[in-house]
Participant: 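What follows is a single structure, and I will ask about it in a moment.
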Amino acid sequence: MKATNIRNFAIIAHIDHGKSTLADRIMSQTQTVSDRDSQAQLLDDMAVEQAHGVTVKSRTVRNFYQAGDGQEYEYNLIDTPGHVDFSYEVSKSLAASDGAILLVDATQGVQAQTVANWRLAQQNGLAILPVVNKIDSAAADVARTVAQIQALDASLATVSPLLISAKTGQGVHAVLEAIKTVFPAPTGSATAPLKALVFDSLYDPFKGIIAYVRIADGQLKSGMANQLMAAQTTLTNKEIGTFTPQMTPVQTLGVGEVGYVVTGLKDPQLLRVGDTLTSQAQPTANPFPGYQPAQAMVFAGFYPKDQAYHDLQLAIEKLALNDSSFQYQAEVSEALGPGFRCGFLGIFHLQIIRERLQDEYGLSVLTTAPNVTYRVHLKGQDAPVLVNNPINFPDFAAVDFVEEPFAKATITTPSETLGAVMQLADNHKGQLVDMANQGELVVIHYRLPFAEIAYDFFNALKSITHGYATLETRFDDYDLADVVKVEVHINYAKVDALSFVVHREDAPAMTQKLVHQLKYTVPRKLYPMPAQAVVEGKPLARVDIPPLRKNAAVNGEKRSLSKKQALLRRQSVNKRQAAYSDITLSQDVFNAILELS
Ligand code: GDP
Ligand code: MG
């Protein structure tokens, strides 16, 4: 297809506003899939992915559209990946698009995620086609929704959004016609050396690493000798193709086209999203700058359960391939053995990675308490030490001062929740920078210590706003932090994996809560064990974990009183010999730390 007849675009929307339904409708109206297939919501996530294997996972699909002007167009719909709470995920697909359909549910109006996604699309320089959905619904308030869209930005003030029902198909034809007019055709030179953007990738158990590419210049041929410029990886591609939506092999992909490359690579380290795929024989002179590797802000240890270290290693490597903002490095803990120190964009990202390890690889991992990277300035030393693992936090006597990372946070929320949101930010040491109204929403900027959002800030925000707020965070700078390391001692032995760093003012309350939680989460032994939270060499809080006394207590009735007492005495004798705590740490113990803030 010649580039002038190609359009690459994404659909952006708040969750449940009808993105998948519209995508299906576009596929069926262009006969990309039969109506029967589209019943199954082809672009929709996990269940279908499992039933159809990796092919549906593309979330990118090529449609051929016979337009009213008599010409045929290639419409590449690059679906934004499932989790809209990750703006960086959305960014990846927007980087391969020239336009975005901004879809708004007429029964709900503009929502926080609509605003956040629209802002991202704007930053990526995309042409925007506003569309109001669900006009068939009795609850639709079309006029209000249109007014809200127009109020988003001066550039939208005079546009008339298209009005559709993705469900019935009403108005969708007009969307198909508008796509070719509103969105620009890709530009690029067909005769220049091959230059293709790797905008996503995945690991297929049979085919190895598959790269999703958009061709900027030149031509990609099946079986060609390629190279990935930033990674300096050479390969001969095994297959190239397009998403129909199944992966369908083709011989060539030309300027503006979107498709996949079976790289033949097995090692996930050899490919990074954002890299430039070119020709070995004739490499392009101007590769893409590459995506800024997103900076991991939150770190936690992942440890295998059931000795599955090797499985965990493989799974982590593959996940990192699909998610370039996820980092990892091997580490060994005294209490937990070999594992990985992993870096995430935030706590929510950590949760998603854990879920993916469980869902996609059947692995459950033990996760230690998350923390940020501290800059620790030692007495008599110029350069600070970077510490992202509390175990390595230097002894307080050697520390001059500590700096912690701060975030610039943008919260978009309905006006009526403003008070509750400000209260939440205040409780987390947030400094208000500014705020502005955006229709019925408020956009608030805060400066917050990253450590304060590392725990459950996002969940709390969702909960107080009933899911209507969005949070975007960016690294701002490092600034002074009055923090201390909390060490946990169980039965007089330090348990390294339980160490964490907190703001000094929060330490007394947190350690009290912690030891109380430990009382219920540390597996009991036959003898009582003291659990202590130690800060700067002094125990701040202490509790006794009661012993297991099932023999004596449960079968007591059948025994004489003296026998019972003898048994209790024997059980308590053991405690002296076990000064080292060989306790098995369960996830509950770590969750006890997580739930503290
Ligand atoms: P997504 O989360 O944006 O992908 O939203 P979905 O496409 O999954 O749609 C969310 C819900 O809205 C589903 O129950 C759809 O059936 C429903 N829906 C989508 N489009 C329409 C529409 O035009 N009219 C009505 N009444 N419901 C719709
Ligand atoms: Mg959906």
Side-chain angles (χ1 to χ4, degrees), residues 295-301 327 329-335 341-347 368-409 425-431 433 446-455 457 473-489 492-515 532-542 590 593-594 596-597:
Q295 200 177 359
M297 293 312 306
V298 173
F299 296 82
Q327 304 173 358
Q329 144 194 2
E331 75 170 3
V332 177
S333 144
E334 271 170 37
R341 180 117 296 245
C342 301
F344 310 89
L345 294 171
I347 196 73
T368 66
N371 61 274
V372 298
T373 300
Y374 293 95
R375 267 193 202 162
V376 183
H377 295 258
L378 297 170
K379 287 175 186 159
Q381 277 187 30
D382 286 341
V385 205
L386 292 181
V387 180
N388 71 21
N389 187 343
I391 295 174
N392 303 330
F393 203 88
D395 188 74
F396 70 96
V399 174
D400 187 4
F401 64 99
V402 180
E403 291 174 301
E404 66 177 332
F406 278 72
K408 268 191 195 136
D426 201 46
N427 291 344
H428 286 82
K429 306 182 173 61
Q431 302 153 11
V433 178
Y446 274 104
R447 195 172 122 86
L448 281 151
F450 248 105
E452 289 289 331
I453 34 183
Y455 290 89
F457 186 82
T473 53
R474 268 189 309 132
F475 172 71
D476 190 7
D477 59 2
Y478 269 86
D479 211 339
L480 275 187
D482 191 9
V483 293
V484 291
K485 173 181 178 178
V486 177
E487 283 177 358
V488 175
H489 295 212
Y492 305 106
K494 182 171 88 186
V495 184
D496 64 347
L498 289 179
S499 303
F500 61 102
V501 177
V502 286
H503 288 111
R504 184 186 300 273
E505 60 173 5
D506 299 330
M510 266 179 116
T511 50
Q512 278 304 336
K513 270 201 253 174
L514 173 66
V515 292
Q532 291 168 300
V534 178
V535 169
E536 300 188 339
K538 296 185 206 75
L540 257 198
R542 171 189 166 127
F590 293 100
I593 297 179
L594 249 174
L596 287 179
S597 66

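Scope of the values below: all heavy atoms of this structure, side chains included, with no hydrogens, waters or symmetry mates.
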Participant: Kindly give the heavy-atom pair with the smallest separation between Leu448 and Ala409, and that separation in Å.
Facilitator: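 Minimum heavy-atom contact is CD1-CB, 3.8 Å.
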Participant: Sequence neighbours left out, what passes side-chain contact (heavy atoms from CB on, under 4.5 Å) with Lys408? Give chain and number order.
Facilitator: Arg474, Asp476
Participant: So which heavy atom on Glu334 is nearest to which on Asp496, and how close?
Facilitator: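 Looking at all heavy atoms of both residues, the closest pair is N-OD2, 2.8 Å.
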Participant: Provide the closest heavy-atom pair for Ala407 versus Phe450 in the form atom of the first, atom of the second, distance.
Facilitator: CB-CE1, 3.3 Å
Participant: With sequence neighbours left out, what residues match Ala300 under side-chain contact (heavy atoms from CB on, under 4.5 Å)?
Facilitator: Phe344, Leu350, Thr367, Thr368, Pro370
Participant: May I ask you to establish whether Arg341 and Phe299 are in a cation-pi arrangement, using a distance under 6.0 Å from NZ or CZ to the six-membered ring centre and at most 45° from the ring axis?
Facilitator: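 Arg341 over Phe299 ring: no.
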Participant: How long is the span from the CG atom in Leu378 to the CZ atom in Phe401, to the nearest 0.5 Å?
Facilitator: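 The CZ atom of Phe401 is 10.0 Å from CG of Leu378, to the nearest 0.5 Å.
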Participant: With sequence neighbours left out, which residue pairs that include part of residues 369-392 fulfil the salt bridge (charged side-chain N to carboxylate O under 4.0 Å, His left out) condition?
Facilitator: Arg375-Glu403
Participant: Do NZ/NE/NH1/NH2 and the carboxylate oxygens of Lys429 and Glu404 come within less than 4.0 Å?
Facilitator: no
Participant: Considering non-hydrogen atoms only, spot the tightest contact between Ala541 and Thr511 and give its length.
Facilitator: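 In terms of heavy atoms, the two residues are closest at CB-O, 3.6 Å.
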Participant: Would you please classify the geometry between the Tyr374 ring and the Phe393 ring as parallel, tilted or perpendicular, with 30° and 60° separating the classes?
Facilitator: perpendicular
Participant: When rounded to the nearest 0.5 angstrom, what is the spacing between CD in Gln329 and CD in Glu331?
Facilitator: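 Taking CD in Gln329 and CD in Glu331, the distance rounds to 7.5 Å.
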Participant: Tell me whether the rings of His428 and Phe457 are parallel (<30°), tilted (30 to 60°) or perpendicular (>60°).
Facilitator: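 The rings of His428 and Phe457 stand perpendicular, inter-plane angle above 60°.
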Participant: So that I can tick it off, tell me whether Asp395 and Lys485 are bridged by a salt bridge, with the cut-off set at under 4.0 angstrom between side-chain N and carboxylate O.
Facilitator: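 Between Asp395 and Lys485 there is no salt bridge, as every charged N stays at least 4.0 Å from the carboxylate O atoms.
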Participant: Please find the pair of heavy atoms, one from Ala425 and one from Tyr446, that lie closest to each other, and give the distance.
Facilitator: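 Shortest heavy-atom separation between Ala425 and Tyr446 comes out as CB-CZ, 3.4 Å.
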